Student: 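Below: one structure in structure tokens.
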2 protein chains.
Amino acid sequence: MVTTRYEQLLQRLRGDGFRLTPQRMAVLRVLADDTGHPTVEQVYERVRVDYPTTSLATIYKTIDMLKGIGEVLELSVGESHRYDGRDPRPHPHLICEDCGSIIDLAIDGPLGDPAFLSAAATEVAAARGYHDVMPQLEFRGRCAACHASALAADRTL
Amino acid sequence: MVTTRYEQLLQRLRGDGFRLTPQRMAVLRVLADDTGHPTVEQVYERVRVDYPTTSLATIYKTIDMLKGIGEVLELSVGESHRYDGRDPRPHPHLICEDCGSIIDLAIDGPLGDPAFLSAAATEVAAARGYHDVMPQLEFRGRCAACHASALAADRTL
DNA sequence: GTGTGTGCAAAGATTTTGCAGCGGT
DNA sequence: ACCGCTGCAAAATCTTTGCACACAC
């Protein structure tokens with residue numbers, strides 16, 4: 001039986017005693033479906049398609065709640081915050097710091113193995129007395145398109 | 001011959017044709033010395049001890065410049081940005097998301113080896129056509145002190 | 001002397017908060 | 001019916017920007 005990520009989130013919230021309002025469910029649907037690592041503003045816009053009265057504050061509150069229970073990852077690119085609600089397990093990201101695009105990486109070797117990273121996190125946590133430690137691996141640079149336009153801009157100067 | 005990080009930064013800026021104003025040098029000194037991963041505000045306060053007329057905007061501009069040339073790492077903890085100017089090479093950080101403390105980690109195995117992480121970054125960059133890709137490995141959790149006070153707060157409820 | 005960097009103050013962007021009323025359980 | 005959640009608008013942050021002047025080169 002296949003359980004979608006959306007259903008998984010619904011169950012988690014029900015189990016933890018959170019109320020399932022239409023606004024919340026809409027936010028869950030966006031975060032569960034969107035592979036593009038949306039900003040708060042983007043989630044807001046998509047939720048408003050179905051629920052036009054929803055406020056930005058509600059989006060913030062809902063995402064904060066999901067972050068708090070570990071179902072959504074927050075990534076920072078420059079000044080903007082981006083969210084990954086599709087896979088809460090540790091996986092590497094490839095980030096373009098110019099255009100802000102984020103790609104979920106599947107790479108070979110130990111770095112691509114969630115178990116390996118989690119083991120390292122557990123070890124570090126034990127050694128330092130930390131709790132609930134999650135590993136986060138990011139590769140930050142400039143995508144092909146942004147690199148090309150940066151070069152073009154240079155020539156113009 | 002021992003070259004301090006501060007002198008290293010001075011040379012880099014001179015070589016790249018940046019002007020060495022007293023304000024800039026003060027910012028460099030703070031970033032080169034401070035092991036505590038300061039915020040912009042903290043850099044500001046420390047610079048103002050010696051140069052009381054320095055403005056916040058100048059701190060922002062200087063740090064942006066240093067980020068741009070890869071001599072300072074930016075880390076996000078919650079809403080606040082923190083800076084590491086002591087070692088621009090990729091090294092793992094242990095972050096407490098409650099109190100915002102950041103520890104530079106020296107760990108065993110491939111994850112603690114800058115060369116290994118850099119090699120992975122180079123590989124990813126080649127595979128995806130990205131440029132100037134830097135790896136960033138973080139372990140995010142809750143330090144012993146914050147964990148203890150979170151438990152205490154729970155009991156109070 | 002030239003042009004970059006600085007300081008100030010204002011604007012812009014992002015996120016949080018207070019509170020009255022609605023609605024999920 | 002209760003209490004958590006929502007929506008609105010205002011407030012609090014945080015960061016950037018425009019411009020005139022200063023000073024590093």
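These numbers were taken from a predicted model, which means no experiment stands behind them. Hydrogens, waters and symmetry mates are skipped; everything else that's a heavy atom, side chains included, is used.
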Student: Restricting both atoms to N or O, compile the protein contacts to nucleotides 21-25 of chain D shorter than 3.5 Å, with distance only.
Tutor:
{"residue": "D:dC25", "atom": "OP1", "partner": "B:L20", "partner atom": "N", "Å": "3.2"}

Student: Which salt bridge (charged side-chain N to carboxylate O under 4.0 Å, His left out) pairs, counting each pair once, include a residue from residues 129-139 of chain A, with sequence neighbours left out?
Tutor: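 Pairs touching residues 129-139 of chain A that pass the test: A:E138-A:R140.
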
Student: Rounded to whole Å, how long is the line connecting atom CG of B:D16 with atom P of C:dT4?
Tutor: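 One finds 15 Å between P of C:dT4 and CG of B:D16, rounded.
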
Student: Nearest nucleotide by nearest heavy atom, which residue falls closer to the 5' end of DNA chain D, A:R48 or A:R24?
Tutor: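 First, find each residue's nearest nucleotide; the 5'-ward one identifies A:R24.
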
Student: Without decimals, in angstroms, what is the distance between B:Q42 CD and D:dT15 P?
Tutor: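 For the pair B:Q42 CD and D:dT15 P, the rounded distance is 12 Å.
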
Student: Go nucleotide by nucleotide along DNA chain C from the 5' end; which of B:E79 and B:G17 gets its closest nucleotide reached first?
Tutor: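 Between the two, 5'-proximity favours B:G17.
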
Student: With heavy atoms under 4.0 Å as the rule, sort A:S80 into base, sugar-phosphate or nothing.
Tutor: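 Nothing, no heavy atom under 4.0 Å.
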
Student: Looking at CG of B:D87 and OG1 of B:T35, how far apart are the two atoms once the value is rounded to the nearest 0.5 Å?
Tutor: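 Nearest 0.5 Å value for the CG-OG1 distance: 12.5 Å.
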
Student: side-chain contact (heavy atoms from CB on, under 4.5 Å) with A:M25: which residues, sequence neighbours excluded?
Tutor: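 Result, side-chain contact (heavy atoms from CB on, under 4.5 Å) vs A:M25: A:Y6, A:L10, A:L20, A:R29.
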
Student: Please round to 10 degrees the angle between the axis of the first five pairs and the axis of the last five pairs in the helix from C:dG1-D:dC25 to C:dT25-D:dA1.
Tutor: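 End-to-end axis angle for the helix from C:dG1-D:dC25 to C:dT25-D:dA1: 50°, rounded to 10°.
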
Student: Name every residue in residues 55-71 of chain B that has at least one heavy atom under 4.0 Å from any atom of DNA chain C, in order of residue number, or write none if there are no such residues.
Tutor: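 Within residues 55-71 of chain B, the residues near DNA chain C are B:S55, B:A57, B:T58, B:K61.
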
Student: Does A:P38 have any side-chain contact (heavy atoms from CB on, under 4.5 Å) partners at least two apart in sequence or in another chain, and if so, which?
Tutor: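 Residues passing side-chain contact (heavy atoms from CB on, under 4.5 Å) with A:P38: A:L31, A:D34, A:Q42, A:V43.
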
Student: Return the set of residues passing side-chain contact (heavy atoms from CB on, under 4.5 Å) with A:T122 (not counting sequence neighbours), or none when no residue passes.
Tutor: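 For A:T122, no residue satisfies side-chain contact (heavy atoms from CB on, under 4.5 Å) once neighbours in sequence are set aside.
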
Student: Does OP1 or OP2 of C:dT15 have a side-chain N or O of A:H81 closer than 4.0 Å?
Tutor: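 So the side-chain polar atoms of A:H81 do come within 4.0 Å of the phosphate oxygens OP1 or OP2 of C:dT15, strictly under.
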
Student: Using the test side-chain contact (heavy atoms from CB on, under 4.5 Å), find all partners of A:Y60 that sit at least two apart in sequence or belong to another chain.
Tutor: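 A:Y60 satisfies side-chain contact (heavy atoms from CB on, under 4.5 Å) with A:V40, A:L56 once adjacent residues are dropped.
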
Student: For residues 98-111 of chain B, which side-chain N or O atoms pair as donor and acceptor with protein atoms under 3.5 Å away, sequence neighbours left out?
Tutor:
{"residue": "B:D98", "atom": "OD2", "partner": "B:R142", "partner atom": "NE", "Å": "3.1"}
{"residue": "B:D104", "atom": "OD1", "partner": "B:H37", "partner atom": "NE2", "Å": "3.0"}
{"residue": "B:D104", "atom": "OD1", "partner": "B:H91", "partner atom": "NE2", "Å": "2.8"}
{"residue": "B:D104", "atom": "OD1", "partner": "B:H93", "partner atom": "NE2", "Å": "3.0"}
{"residue": "B:D104", "atom": "OD2", "partner": "B:H37", "partner atom": "NE2", "Å": "3.4"}

Student: Side chains of residues 67-74 of chain B: which donor-acceptor partners sit under 3.5 Å, not counting sequence neighbours?
Tutor:
{"residue": "B:K67", "atom": "NZ", "partner": "B:E74", "partner atom": "OE2", "Å": "3.3"}
{"residue": "B:E71", "atom": "OE1", "partner": "B:R5", "partner atom": "NH1", "Å": "3.2"}
{"residue": "B:E71", "atom": "OE1", "partner": "B:R5", "partner atom": "NH2", "Å": "2.9"}
{"residue": "B:E71", "atom": "OE2", "partner": "B:R12", "partner atom": "NH1", "Å": "2.8"}
{"residue": "B:E74", "atom": "OE2", "partner": "B:H81", "partner atom": "ND1", "Å": "3.4"}
{"residue": "B:E74", "atom": "OE2", "partner": "B:Y83", "partner atom": "OH", "Å": "2.8"}

Student: Could you tell me the separation between the CD atom of B:E7 and the CZ atom of B:R14, rounded to the nearest 0.5 Å?
Tutor: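 Rounded to the nearest 0.5 Å, the CD-CZ separation comes out at 9.5 Å.
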
Student: Return each pair, listed once, that meets salt bridge (charged side-chain N to carboxylate O under 4.0 Å, His left out) where at least one residue sits in residues 109-119 of chain A; pairs must be two or more places apart or across chains.
Tutor: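 Salt bridge (charged side-chain N to carboxylate O under 4.0 Å, His left out) check on residues 109-119 of chain A returns no pairs.
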
Student: Would you mind listing every ring-ring contact (aromatic ring centres under 6.0 Å, His included) that reaches into residues 94-145 of chain A, with sequence neighbours excluded?
Tutor: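 Listed by first then second residue: A:H131-B:H147.
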
Student: What's the OH-C1' distance between A:Y83 and C:dT14, to the nearest Å?
Tutor: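 Taking OH of A:Y83 and C1' of C:dT14, I get 10 Å after rounding.
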
